[in-house]
Number of protein chains: 2
Amino acid sequence: MLKLTKRTEYGLIALVHLADQATLAPAGEPVPVVSARAIGDLFPVPRRLLAEALKQLQQDGIVNSTRGAHGGYRLSRAATEISLGEVISSLEGEPSLTSCAGLGAAGSNHSCEVEPVCPIRSPLARLRTGIWTLFEGITLQSLTDRAIDPNALFAGVAEENDGFSATG
Amino acid sequence: MLKLTKRTEYGLIALVHLADQATLAPAGEPVPVVSARAIGDLFPVPRRLLAEALKQLQQDGIVNSTRGAHGGYRLSRAATEISLGEVISSLEGEPSLTSCAGLGAAGSNHSCEVEPVCPIRSPLARLRTGIWTLFEGITLQSLTDRAIDPNALFAGVAEENDGFSATG
DNA sequence: CCAATTGGCACTAATCTAGAGCTAATCGAA
DNA sequence: TTCGATTAGCTCTAGATTAGTGCCAATTGG
């Protein structure tokens, strides 16, 4: 199915909340730390899965974590510097769209039997890149804005993307 | 996972092949009929699943089927008149992206507990629409072209979409 | 009648998802 | 030091989804 996992939803909810909190903080100061428990109290989502999502986001450098009492999470960067693509890549892996194609379309070393004659690999690879570019062009900040201009979501889509530096 | 199902892959392979065959036919004549067996002989994909995908496409009016000996499938329309969105919608349902949101964002009658406070529903609903619009703007014909201009894939993305007429 | 084909139903096995349980490590405060 | 709150890591289970197969009916042409 072409659907995000719950983990990704929960992670996005947490990130949007963290972005909100960061906005409220005075500039110059480090953004406030919010615990998974606090987020779980605000939104009716299972705390454990919320914590798992946040842990994953921490491992991929999207949030910083502080352990111990009064610990929690905060965005590692400004919300304008975090792309939806980066978040989705962290929480559910790179969207491959088809089973055969990893993102490295050039040095494909996988075992797709169809490849030599597959009539859709190349077109779908580009489509995949297109969706990915769409995600890359959407910042966490733009998700935070409640009343969003739909066209703003597509900024960057028409531009070519030559790498996925946010992932590795 | 943000991935198409095998059924969709197989269906797309079949459709691209059917589009190729239709291109070879002289204009004015009905396009040739290709059996699932023939497609299964060309591409190393399970025939049964190929047939299932084609059956689904038939039920949604994307291909026409002929039963009996020398039966098979052919595109119901020109490849330029079949959108990728229509195909994906047929083969794996409307891409909902999040678990809560059906496409009818207005009269949402579902049971998402997060909804009253969900900070991502509205933005992701627009993102979903964006992806859908992306799919709608890609024709089967453009998938058939082997060397495709990446930017061509994004035609129609920046335009607003007020309906999903291709689906029903 | 016979062979080829689509159409429909049920079934199994593998994979993925959602969620919970448990424990260790870390930190602040009493 | 002791204790509570928190993140971090691991395993486990149940459910849903996906991939694939089997079987047979209906249709069509020879």
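Throughout, a chain's letter reflects where its sequence line sits, starting with A, and its residues are numbered from 1. Computation of the quantities below employed the complete heavy-atom set of this structure, encompassing side-chain atoms and omitting hydrogens, waters and symmetry-equivalent molecules. Predicted, not measured: the structure shown is a model, and the values here were computed from it.
Contact between the side-chain N/O atoms of A:Ser35 and the OP1/OP2 oxygens of D:dA5 is not found at any separation under 4.0 Å.
For the pair B:Leu50 CG and D:dG20 P, the computed distance is 11 Å after rounding to whole Å. Rounded to whole angstrom, the span from the CG atom of B:Leu4 across to the P atom of D:dT17 amounts to 17 Å. Regarding B:Arg47, its CZ atom lies at a distance of 12 Å from the P atom of C:dA4, rounded to whole Å. Atom pair A:Lys55:NZ and D:dT7:C1' shows a separation of 9 Å (rounding to whole Å applied). Put simply, CG on A:Asn64 is 19 Å from P on D:dT6, counting in whole angstrom units. For the pair A:Glu52 CD and C:dA18 P, the computed distance is 11 Å after rounding to whole Å. In this structure, A:Arg7 places its CZ atom 14 Å from C1' of C:dA20, rounding to the nearest Å. Separating the CG atom of A:Leu54 from the P atom of D:dG9 is a distance of 13 Å, rounded to the nearest angstrom.
For the side-chain contact (heavy atoms from CB on, under 4.5 Å) test, residues two or more places apart in sequence or in another chain that qualify with A:Ala22 are A:Val31. Considering only residues two or more places apart in sequence or on other chains, A:Arg67 meets the salt bridge (charged side-chain N to carboxylate O under 4.0 Å, His left out) condition with none of them. Residues meeting the side-chain contact (heavy atoms from CB on, under 4.5 Å) test with B:Thr23, sequence neighbours left out: none. Annotation: salt bridge (charged side-chain N to carboxylate O under 4.0 Å, His left out) contacts of B:Arg7 (sequence neighbours excluded): B:Glu52. Residues satisfying the side-chain hydrogen bond (donor to acceptor under 3.5 Å, both in side chains) test with B:Gln21, not counting sequence neighbours, are none. Residues passing the side-chain hydrogen bond (donor to acceptor under 3.5 Å, both in side chains) test with B:Gln58: none are found, sequence neighbours excluded.
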For nucleotides 27-30 of chain C, print each protein N/O atom paired with a nucleotide N/O atom at under 3.5 Å, atom names and distance only.
| unit_1 | atom_1 | unit_2 | atom_2 | d |
| --- | --- | --- | --- | --- |
| C:dC27 | O2 | A:Ala69 | N | 3.1 |

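Considering only side-chain atoms of A:Gln58, the nucleotide from D:dA8, D:dT6, D:dA19 that sits closest is D:dA8. The side chain of B:Arg37 sits closest to C:dT5 out of D:dT21, C:dT5, C:dT6. Of the candidate nucleotides C:dA18, D:dA19, C:dG19, C:dG19 has the atom nearest to the side chain of A:Tyr10.
If you check residues 71-79 of chain B against DNA chain C, the residues with a heavy atom closer than 4.0 Å are B:Gly71, B:Gly72, B:Tyr73, listed by number.
Annotation: side chain to side chain donor-acceptor pair (under 3.5 Å) contacts involving residues 32-43 of chain B, sequence neighbours excluded, comprise B:Asp41-B:Arg47.
A salt bridge does not link A:Lys6 with A:Glu92: none of the charged nitrogens is closer than 4.0 Å to a carboxylate oxygen.
Note on B:Gln59: only backbone sugar-phosphate atoms sit closer than 4.0 angstrom, heavy atoms only; bases stay farther off.
Comparing B:Ala36 and A:Leu49 by the nucleotide of DNA chain C that holds the closest heavy atom to each, the one mapping nearer the 5' end is B:Ala36.
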Inset, instruction - Run the numbers on A:Arg74 and A:Val34 for side-chain contact (heavy atoms from CB on, under 4.5 Å), then give the verdict. - result: CA-CA 6 Å; A:Arg74 64 175 191 274; A:Val34 183; over 6 Å; no
